[in-house]
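To keep things clear, I will list the structure first and then write my remarks on it.
Note that the numbering runs from 1 along the sequence shown for the chain.
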Amino acid sequence: MQERTLAIIKPDAVERRLTGRIIQRIEDEGFQIRAMRRIHLSTREAEGFYAVHRERPFFSSLTRFMSSGPAIVLVLEAPDAITKWRTLMGATDPARAEPGTLRKEFAQSIERNATHGSDAPETAAHELGYFFAGIDLV
Ligand code: CMP
């Protein structure tokens, strides 16, 4: 059964001109890109997106980073898309990411880790709705 997940190519990767290589990997893995947009989040918008992490020590640094420059948001579709995209990204901390994963290849640190992906179906529904309207996905 097809599933959708939210992917973000984060400001570190966009700034380093890695967008094309990351999108190529997404397509090579068989995802359909159902929607895609370039955005530059405000601090408040980044805080809203990462609200579940607001008590974490890295929250203010994370939201500053995520609003520091443009990012690309995408809706990816595939069977088991949530797990499949998390596998392709690799662990949050690039030091722990498997060889061949996007974060192993492209992340600079646990914060500047190149990509984001939803971690569960409920999170994916919420995160997709944060950036995309139903009409964008027709
Ligand atoms: P992401 O998958 O987008 O989810 C939360 C983000 O917080 C994470 O990727 C990193 O960019 C950032 N972050 C910074 N420090 C940490 C940390 N110690 N643990 C988890 N996430 C962190």
Side-chain angles (χ1 to χ4, degrees):
M1 205 182 70
Q2 294 289 327
E3 184 177 64
R4 289 176 184 170
T5 191
L6 181 85
I8 304 179
I9 302 175
K10 293 187 180 186
D12 59 317
V14 173
E15 184 184 7
R16 294 168 64 219
R17 298 175 185 269
L18 298 170
T19 301
R21 287 163 72 184
I22 292 172
I23 290 174
Q24 187 68 61
R25 293 285 301 277
I26 287 169
E27 295 201 317
D28 288 348
E29 291 292 326
F31 290 97
Q32 295 284 349
I33 298 173
R34 292 299 305 262
M36 176 163 72
R37 196 163 78 245
R38 182 180 184 272
I39 54 165
H40 189 153
L41 291 172
S42 67
T43 311
R44 290 195 61 132
E45 288 165 344
E47 287 169 354
F49 181 72
Y50 279 118
V52 292
H53 294 307
R54 64 185 168 273
E55 306 300 336
R56 308 286 286 272
F58 55 81
F59 182 68
S60 74
S61 175
L62 171 63
T63 54
R64 230 177 305 123
F65 158 58
M66 288 300 291
S67 55
S68 67
I72 314 290
V73 287
L74 310 95
V75 180
L76 304 183
E77 187 174 274
D80 206 15
I82 294 169
T83 302
K84 189 175 157 76
W85 172 233
R86 291 179 71 78
T87 303
L88 177 58
M89 288 193 298
T92 305
D93 181 354
R96 295 168 183 272
E98 293 291 327
T101 61
L102 295 172
R103 283 165 168 166
K104 185 69 177 183
E105 194 169 349
F106 299 129
Q108 297 174 296
S109 68
I110 194 167
E111 179 172 275
R112 299 173 68 85
N113 63 353
T115 56
H116 168 84
S118 312
D119 62 6
E122 309 74 50
T123 332
H126 172 73
E127 293 186 351
L128 292 170
Y130 198 80
F131 292 113
F132 295 95
I135 199 162
D136 297 323
L137 295 164
V138 173

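Formation of a donor-acceptor pair under 3.5 Å by the K84 side chain with backbone atoms of E29 is found in this model. Side chain of R4 to main chain of R34: no donor-acceptor pair is present (N/O by atom type, distance under 3.5 Å, no hydrogens or angles). The backbone N or O of L62 lies less than 3.5 Å from a partner atom in the side chain of E111, making a donor-acceptor pair. In this structure, S118 contributes its side chain and L6 its backbone to a donor-acceptor pair below 3.5 Å. Without hydrogens or angle criteria, E47 side chain to T63 main chain gives no donor-acceptor distance under 3.5 Å. Within the 3.5 Å criterion, the main-chain N or O of I22 finds no donor-acceptor partner in the side chain of R25. A donor-acceptor contact shorter than 3.5 Å is absent between the side chain of H40 and the backbone of A71.
The aromatic rings of W85 and F31 lie perpendicular to each other, with more than 60° between the two planes, well past the 30° mark. Ring-plane geometry between H116 and F49 is classed as perpendicular, the angle between the planes exceeding 60 degrees on a 0 to 90 degree scale with a lower cut at 30.
Under a hydrophobic clustering in which Ile, Leu, Val, Met, Phe, Trp and Tyr are joined whenever their side-chain heavy atoms come within less than 4.5 Å, directly or via other members, L41 and F58 fall into the same cluster. Note on M89: it does not cluster hydrophobically with V73, by side-chain heavy-atom contacts below 4.5 Å among ILVMFWY residues. One hydrophobic cluster, built from ILVMFWY side chains closer than 4.5 Å, holds both Y130 and I8. With hydrophobic clusters built from ILVMFWY side chains whose heavy atoms lie under 4.5 angstrom apart, V14 shares a cluster with L88. Hydrophobic clustering (side-chain heavy atoms under 4.5 Å, transitive across Ile, Leu, Val, Met, Phe, Trp, Tyr) keeps I39 apart from L74.
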Report task. Test R16 against Q108 for side-chain contact (heavy atoms from CB on, under 4.5 Å), laying out the working first. Result -> CA-CA 11 Å; R16 294 168 64 219; Q108 297 174 296; 3.5 Å; yes
Requested in this report: Give the intermediate values and the outcome of side-chain contact (heavy atoms from CB on, under 4.5 Å) for residues R38 and T19.
Outcome: CA-CA 11 Å; R38 182 180 184 272; T19 301; over 6 Å; no
Query - Working for side-chain contact (heavy atoms from CB on, under 4.5 Å), residues F106 and R21 - result: CA-CA 10 Å; F106 299 129; R21 287 163 72 184; 3.7 Å; yes
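Nearest heavy-atom pair across A114 and A13 is O-CB, 3.7 Å. The two atoms that bring A51 and R54 nearest to each other are O-NH1, 2.7 Å, heavy atoms only. Between F132 and M36 the shortest heavy-atom distance is CE2-N, 4.0 Å. Contact between E3 and P121 at its shortest, heavy atoms only, is OE2-CG, 4.4 Å.
The number of heavy atoms from other shown groups lying within 6.0 Å of CD (E98) does not exceed 12. Few gaps surround CZ on R112; more than 12 heavy atoms of other groups in view lie less than 6.0 Å from it.
In this structure, the separation between NZ on K10 and OG on S68 is 11.0 Å, given to the nearest 0.5 Å. Within the model, atoms CD1 of I33 and CD of E27 stand 4.5 Å from one another, a figure rounded to the nearest 0.5 Å. To the nearest 0.5 angstrom, L76 atom CG is 6.5 Å from T5 atom OG1. Summarising the geometry, atom CE belonging to M66 is positioned 8.5 Å from atom CG belonging to D12; distances are rounded to the nearest 0.5 Å. With values rounded to the nearest 0.5 angstrom, K104 atom NZ is found 13.5 Å from N113 atom CG.
Using a 4.5 Å heavy-atom cutoff, the side chains of I110 and T92 are in contact. Side-chain atoms of L18 and L102, non-hydrogen and from C-beta on, never get closer than 4.5 Å to each other. Side-chain contact between T43 and R64: absent, with no pair of heavy atoms (C-beta onward) separated by less than 4.5 Å. Side-chain contact between P79 and M1 is absent, with no heavy-atom pair separated by less than 4.5 Å.
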